[in-house]
There are 2 protein chains.
Amino acid sequence: MRTETVENYLKTIYNLSSDNTLVVSNQKLADKLSINPASVTEALRKLHELKYVIYEKSYGTRLTTTGSKLALSIVRRHRIWETYLVKELGFGWDEVHEIAEELEHVKNDKLINKLAEILGNPVYDPHGDPIPDAKGKIQKSNFIKLSEARIKNNYKIMGVTDHSTAFLKYLDKHHLVIGASVNVKSIEEFDNSIVLVCQKKEVNISPKAADCIIIEGL
Amino acid sequence: MRTETVENYLKTIYNLSSDNTLVVSNQKLADKLSINPASVTEALRKLHELKYVIYEKSYGTRLTTTGSKLALSIVRRHRIWETYLVKELGFGWDEVHEIAEELEHVKNDKLINKLAEILGNPVYDPHGDPIPDAKGKIQKSNFIKLSEARIKNNYKIMGVTDHSTAFLKYLDKHHLVIGASVNVKSIEEFDNSIVLVCQKKEVNISPKAADCIIIEGL
DNA sequence: ATTAATTTTTAGGCATACCAAAATTAATAA
DNA sequence: TTATTAATTTTGGTATGCCTAAAAATTAAT
Ligand SMILES: [Mn+2]
Ligand SMILES: [Mn+2]
Ligand SMILES: [Mn+2]
Ligand SMILES: [Mn+2]
């Protein structure tokens with residue numbers, strides 16, 4: 001089985017299992033990888049044989065220790081590259097995900113560790129996602145989603161869970177960048193949209209968008 | 001047909017045709033790509049259909065204008081990455097070829113042009129090979145091989161045609177790096193090996209090695 | 001001009017990675 | 001509990017990209 005394909009499956013299983021706590025369904029994998037469910041079934045059987053995952057028919061899939069290590073190393077490569085592209089090469093946080101999807105498959109530890117070193121071994125990537133260290137150790141945090149925020153409270157934006165250019169450009173427009181301080185002014189009764197105050201301006205955030213913004217209480 | 005495969009064929013055809021002047025044989029392609037000649041025949045038929053090459057059965061292959069442009073852009077990516085790895089990331093000239101073989105397939109013009117800009121739009125890579133500019137224009141030069149050098153003359157090392165770690169480390173050991181000045185002290189009658197003087201030390205160069213060193217008269 | 005060696009092509013196969021349609025299994029609602 | 005819906009798996013196919021062995025064509029040597 002081709003390495004790049006294996007890598008994409010393992011990385012996606014890792015991302016969908018939120019830190020290996022959940023079992024991943026074929027459906028979600030198929031959606032995320034834009035692949036037919038039938039193909040996912042086949043692939044999982046192979047990954048099971050290769051001992052990268054434990055795939056229980058009609059139930060779900062989780063990573064083995066080996067698979068988890070591999071997944072973490074791909075996630076590390078992806079996030080280090082994203083950080084390098086933003087910090088050293090001047091790309092916007094909305095441009096780097098697609099490029100990193102390709103760069104993450106370049107297999108050379110010395111290269112990634114060199115980039116990490118230049119960046120000062122960063123712990124978070126441009127979207128606020130934690131970067132595993134060379135051993136696969138990952139920063140734990142207890143951030144919440146903006147959709148779970150409470151009225152009148154102050155928060156700091158810590159990350160996003162959607163990496164699409166459209167969404168990130170929208171955030172840029174309203175200065176909702178990582179590190180920004182925001183206050184939850186009100187929450188609309190009828191549609192749960194959130195009125196935020198950021199840099200003295202009011203912004204209305206849809207529930208869908210609020211679900212993709214990660215914050216920390218101040 | 002998968003892009004990475006197409007890219008590797010086109011790049012290799014370009015390299016073997018020395019600037020599109022020669023027709024390339026299946027044999028040489030098979031050798032260079034470490035692929036069975038039968039597979040090369042098939043691939044060339046496809047590349048011909050795709051109008052990337054003109055493949056004349058049992059005679060040879062050359063690039064079309066389209067194929068040539070594509071090949072040049074891959075060569076550019078390869079050589080820019082090699083230069084970046086050496087100049088900005090501290091890799092040795094003997095370590096970068098393999099990594100660039102992977103990086104050259106990352107398709108993002110902005111990225112390559114950004115790297116080129118940081119490097120000051122270099123015209124030669126760490127092995128002395130010319131780097132095509134963004135439009136595919138390439139520096140012409142009339143360097144010769146060390147194996148063609150004449151006795152008593154002074155030369156400057158301008159490049160190498162073998163990128164293997166073993167060969168480059170051997171050159172490093174004798175200070176035969178790009179830019180070094182050398183004098184041809186003598187040429188052995190019986191085996192054509194060359195006695196060079198470099199940094200006041202004598203080095204004996206085999207004909208095979210001399211064929212891989214590119215020089216310019218001083 | 002033959003023969004011999006080399007190169008190229010053909011033929012028949014194989015593994016990977018995908019898909020669509022049908023059949024099965026599991027989950028949900030009535 | 002049964003019917004309906006949704007998710008999963010099976011089945012049968014396709015395209016890519018590679019291989020070996022054998023045949024054919026080309027090139028080199030006698
Ligand atoms: Mn990303
Ligand atoms: Mn990211
Ligand atoms: Mn190279
Ligand atoms: Mn080079």
Side-chain angles (χ1 to χ4, degrees), chain A residues 1-18 22-63 66-67 70-71 74 101-102 104-105 107, chain B residues 1-18 22-63 66-67 70-71 74 101-102 104-105 107:
Chain A
M1 211 180 183
R2 230 189 99 238
T3 305
E4 205 166 309
T5 305
V6 174
E7 290 190 344
N8 282 331
Y9 271 99
L10 296 182
K11 177 191 64 170
T12 308
I13 293 166
Y14 176 84
N15 285 331
L16 291 177
S17 71
S18 29
L22 302 176
V23 150
V24 178
S25 75
N26 291 20
Q27 185 84 108
K28 279 196 178 142
L29 262 175
D31 284 356
K32 200 71 161 194
L33 291 166
S34 304
I35 275 173
N36 190 291
S39 309
V40 171
T41 302
E42 286 177 287
L44 290 177
R45 230 190 331 248
K46 286 251 176 91
L47 290 174
H48 185 100
E49 271 170 38
L50 293 169
K51 305 227 198 273
Y52 289 140
V53 305
I54 293 158
Y55 157 60
E56 294 179 67
K57 213 168 137 173
S58 284
Y59 165 67
T61 303
R62 59 190 195 284
L63 295 168
T66 318
L70 239 168
I74 299 146
E101 287 289 324
E102 295 189 59
E104 73 188 5
H105 300 293
K107 273 160 283 299
Chain B
M1 210 180 183
R2 230 188 104 238
T3 304
E4 207 167 307
T5 305
V6 174
E7 289 190 345
N8 283 331
Y9 271 97
L10 296 182
K11 178 189 65 171
T12 308
I13 293 166
Y14 176 85
N15 285 332
L16 290 177
S17 72
S18 24
L22 302 176
V23 148
V24 178
S25 74
N26 292 19
Q27 187 83 112
K28 279 196 178 143
L29 262 176
D31 283 356
K32 201 72 162 192
L33 291 167
S34 304
I35 273 173
N36 191 290
S39 308
V40 170
T41 303
E42 287 177 284
L44 291 176
R45 228 189 334 248
K46 285 249 176 93
L47 291 173
H48 185 101
E49 271 171 37
L50 293 169
K51 305 226 198 273
Y52 289 141
V53 306
I54 293 157
Y55 156 61
E56 294 180 68
K57 215 168 135 170
S58 285
Y59 166 68
T61 303
R62 60 191 195 286
L63 294 169
T66 317
L70 238 169
I74 298 147
E101 286 290 325
E102 295 188 58
E104 73 188 5
H105 300 293
K107 273 161 283 300

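Within every chain, numbering begins at 1; the chains are lettered A, B, ... in the order of the sequence lines, protein sequences first and strands thereafter. What you are looking at is a predicted structure, and each value in this text was computed from that prediction instead of being measured.
Among the protein residues, Y55(B) comes within range of the sugar-phosphate backbone only, with heavy atoms under 4.0 Å from sugar or phosphate atoms but none that close to a base. Residue contacts shown for N26(A) are limited to sugar-phosphate atoms, with no base heavy atom under 4.0 Å away.
Note: CD (Q27(B)) to C1' (dT27(D)) measures 13 Å, nearest angstrom. Between I35(B) atom CD1 and dT20(D) atom C1' the separation is 15 Å, expressed in whole Å. If you measure from atom CD of E42(A) to atom P of dA20(C), you get 13 Å, rounded to the nearest angstrom. Remark: P of dC18(D) and CG of L33(B) are 8 Å apart, rounded to the nearest angstrom. Atoms CG (N36(A)) and C1' (dT10(D)) sit 12 Å apart, rounded to a whole Å. One can place CD of E4(B) at 18 Å from P of dT16(C), the figure rounded to the nearest angstrom. Remark: C1' of dT9(D) and CZ of R45(A) are 8 Å apart, rounded to the nearest angstrom. To the nearest angstrom, P of dT9(C) lies 11 Å from CG of L29(B).
Between K107(B) and E4(B), no side-chain nitrogen of the basic residue sits less than 4.0 Å from a carboxylate oxygen of the acidic one, so the salt-bridge criterion is not met.
Here the side chains of E56(A) and V23(A) are not in contact, with every heavy-atom distance at 4.5 Å or above. Two residues are said to be in side-chain contact when any heavy atoms from C-beta on lie closer than 4.5 Å; L16(A) and T12(A) meet this criterion. Residues T61(B) and I54(B) have side chains not in contact (no heavy-atom distance under 4.5 Å, counting atoms from C-beta outward).
Side-chain N/O atoms of T41(B) include one lying less than 4.0 angstrom from OP1 or OP2 on dT9(C).
Comparing atom distances between the K57(A) side chain and each of dC18(D), dT9(D), dT10(C) picks out dT9(D) as nearest. Nearest to the side-chain atoms of S58(B) among the listed nucleotides dT8(D), dT9(C), dT7(C) stands dT9(C).
For dT6(C), the paired nucleotide is dA25(D), the pair qualifying as Watson-Crick or G-U wobble because both relevant distances are below 3.5 Å. When both pairing distances are held under 3.5 Å, dT11(D) makes a Watson-Crick or G-U pair with dA20(C).
Scanning all heavy atoms of the two residues, the minimum distance from A71(A) to L63(A) falls at CB-CD1, 4.0 Å.
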